[in-house]
Amino acid sequence: MADLAYATGWRVVRVLPERVAAAAFTAAADVATRRDGRGVRRLRSNLSRTVPPGTDLDRLTRMAMRSYARYWLEVFRLQDMPRDRIVEGMRMLDEPRLRDALASGRGTIAALPHMGNWEHAGAWLAANGEPFTTVAERLEPTSLFDRFVRFRSALGMEVIPLTGGEQPPFDLLADRLLAGGTVCLLADRDLSEAGVAVTFFGATATMPPGPAALALRTGATLLPATLWFDPDGWGVRIHPAVAHTDVPRMTQALADAFAEGVASHPTDWHMLQRIWRDGPPSGADGPAADGPDVPEGTQR
């Protein structure tokens, strides 16, 4: 059923007029917000940590769900999007940091949070002649995972499964970096039991050690990047490269860069799952906000 739903989405949404599809996705986001399911409650709880006291959390959550719906709308339509729009619609701040890293030949790791449209950012990179490798969480059923792999491959990405591949993903990624390649990783949510404890918006969260460990093994440049939606396009900031020290300090540096980006564009942070170790802030949403997480595979 999940695979059928995604397949239907890809087929139907791609043929609808863009305005019609956008209106439908916005309406669906508003319905989901009103239903206040566990994913929405988790999102509200997460967002409550990122904004000043007194912020209207109901409005913020509604806008964040609309942003998340826009992400999915664009995923379904991205393969048909003209290259000129993909490239020219991107507004990149501090782009020389990325260009210098790519030109160095030492390998580049772009570490991103779940912000804006990271699929578009990958398509932008590939459209600019910079192939890269990424890791995909293995979804069930297998046909759904294969569908996402085909989608990303069509955009110019090399996709390595997080689990179940012929080789451990870390070794394959290290090989690509040692050859001077580029790796892009979502790095604000740990999917293992080996997460690194970091301070994120004043509380303890866990984030994956992979980006820092890869940089230390290969000598690659580690660049945090944060993303957001503009009304008619996309924005990304390339933060300063993370100094090579050790995994805990480098992962904390990523968390600091992510926090800066999320604080600037909280509605475009699509975190519907738990990342902090403690409960929600006092007064955020009560016990319900700390209930079960969104099932694995429902957020990409």
Side-chain angles (χ1 to χ4, degrees), residues 1-29 32 65-92 98 102 110 112-162 165 169 176 181-186 225-236 268 270 272 297-300:
M1 289 298 294
D3 188 33
L4 178 61
Y6 281 106
T8 302
W10 253 300
R11 291 170 183 165
V12 174
V13 176
R14 289 169 69 178
V15 300
L16 287 175
E18 185 170 356
R19 288 187 179 182
V20 174
F25 272 66
T26 297
M65 286 297 292
R66 289 183 176 185
S67 174
Y68 190 37
R70 175 176 168 179
Y71 161 79
W72 278 110
L73 171 64
E74 292 179 354
V75 164
F76 289 139
R77 299 175 66 93
L78 193 52
Q79 287 173 277
D80 301 320
M81 192 176 293
R83 179 186 179 279
D84 289 348
R85 183 178 177 188
I86 291 174
V87 174
E88 295 171 8
M90 174 70 86
R91 180 168 66 94
M92 181 171 289
L98 175 62
L102 295 173
L112 304 85
H114 288 77
M115 287 188 71
N117 189 337
W118 51 94
E119 310 284 2
H120 170 268
W124 179 92
L125 195 61
N128 277 276
E130 297 293 345
F132 67 94
T133 304
T134 190
V135 174
E137 178 186 357
R138 187 173 289 280
L139 304 177
E140 294 296 341
T142 300
S143 57
L144 179 57
F145 172 76
D146 291 341
R147 189 178 300 280
F148 271 99
V149 170
R150 289 194 300 271
F151 159 68
R152 291 182 172 118
S153 297
L155 297 175
M157 312 177 194
E158 179 190 20
V159 182
I160 295 173
L162 180 64
R176 301 297 185 269
T182 301
V183 167
C184 296
L185 299 171
L186 290 168
T226 53
L227 305 94
W228 62 91
F229 286 123
D230 284 334
D232 297 315
W234 306 268
V236 59
D268 292 325
H270 309 144
L272 281 71
T298 59
Q299 184 183 6
R300 299 303 310 133

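Throughout, residue positions are numbered sequentially from 1 according to the sequence presented. Bear in mind that the values here come from a model prediction, so they are computed numbers and not experimental data. FYI, side chains are in, hydrogens and waters are out, and symmetry mates aren't considered; it's all heavy atoms of this structure.
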Can you name the salt bridge (charged side-chain N to carboxylate O under 4.0 Å, His left out) partners of Arg14, sequence neighbours left out? Asp80
Output all residues satisfying salt bridge (charged side-chain N to carboxylate O under 4.0 Å, His left out) with Glu88, sequence neighbours left out; order by chain, then residue number. none
What pair of heavy atoms forms the shortest contact from [X] to [Y], and how long is it?
{"X": "Leu186", "Y": "Pro113", "result": "CD2-O, 3.6 Å"}
{"X": "Ala123", "Y": "Met157", "result": "N-CE, 4.1 Å"}
{"X": "Ile86", "Y": "Trp124", "result": "O-CD1, 3.5 Å"}
{"X": "Ile160", "Y": "Pro169", "result": "CG2-CB, 3.9 Å"}
{"X": "Pro131", "Y": "Gly129", "result": "CD-O, 3.3 Å"}
{"X": "Pro231", "Y": "Arg70", "result": "O-NH1, 4.0 Å"}

When rounded to the nearest 0.5 angstrom, what is the spacing between [atom1] in [X] and [atom2] in [Y]?
{"X": "Leu155", "Y": "Phe132", "atom1": "CG", "atom2": "CZ", "answer": "8.0 Å"}
{"X": "Leu73", "Y": "Tyr68", "atom1": "CG", "atom2": "OH", "answer": "13.5 Å"}
{"X": "Trp118", "Y": "Thr226", "atom1": "CH2", "atom2": "OG1", "answer": "13.5 Å"}

Sorted by chain and residue number, the ring pair (Phe, Tyr, Trp, His ring centres under 6.0 Å) partners of Phe151 (sequence neighbours excluded) come out as Trp10
Ring pair (Phe, Tyr, Trp, His ring centres under 6.0 Å) against Trp228, all qualifying residues, sequence neighbours excluded: His265
Checking the side chain of [X] only, and the main-chain atoms of [Y] only, is there a donor and an acceptor separated by less than 3.5 Å?
{"X": "Arg176", "Y": "Thr182", "result": "no"}
{"X": "Arg83", "Y": "Ala127", "result": "yes"}
{"X": "Thr134", "Y": "Leu185", "result": "no"}
{"X": "Asn117", "Y": "Glu119", "result": "yes"}
{"X": "Asp268", "Y": "Met115", "result": "no"}

Side chains of [X] and [Y], heavy atoms from C-beta outward: is any pair under 4.5 Å?
{"X": "Arg66", "Y": "Phe25", "value": "no"}
{"X": "Leu102", "Y": "Glu130", "value": "yes"}
{"X": "Leu125", "Y": "Cys184", "value": "yes"}

Quick one: list whatever passes side-chain contact (heavy atoms from CB on, under 4.5 Å) with Val12, sequence neighbours left out. Thr8, Leu16
Anything under 30° is parallel, anything over 60° is perpendicular, the rest tilted; go ahead and classify Trp234 against His120. parallel
Are Arg152 and Glu158 ion-paired here, with the side-chain N under 4.0 Å from a carboxylate O? no
Name all pairs fulfilling the salt bridge (Lys or Arg N to Asp or Glu O under 4.0 Å) condition that reach into residues 225-235, sequence neighbours left out, sorted by first residue then second. Arg91-Asp230
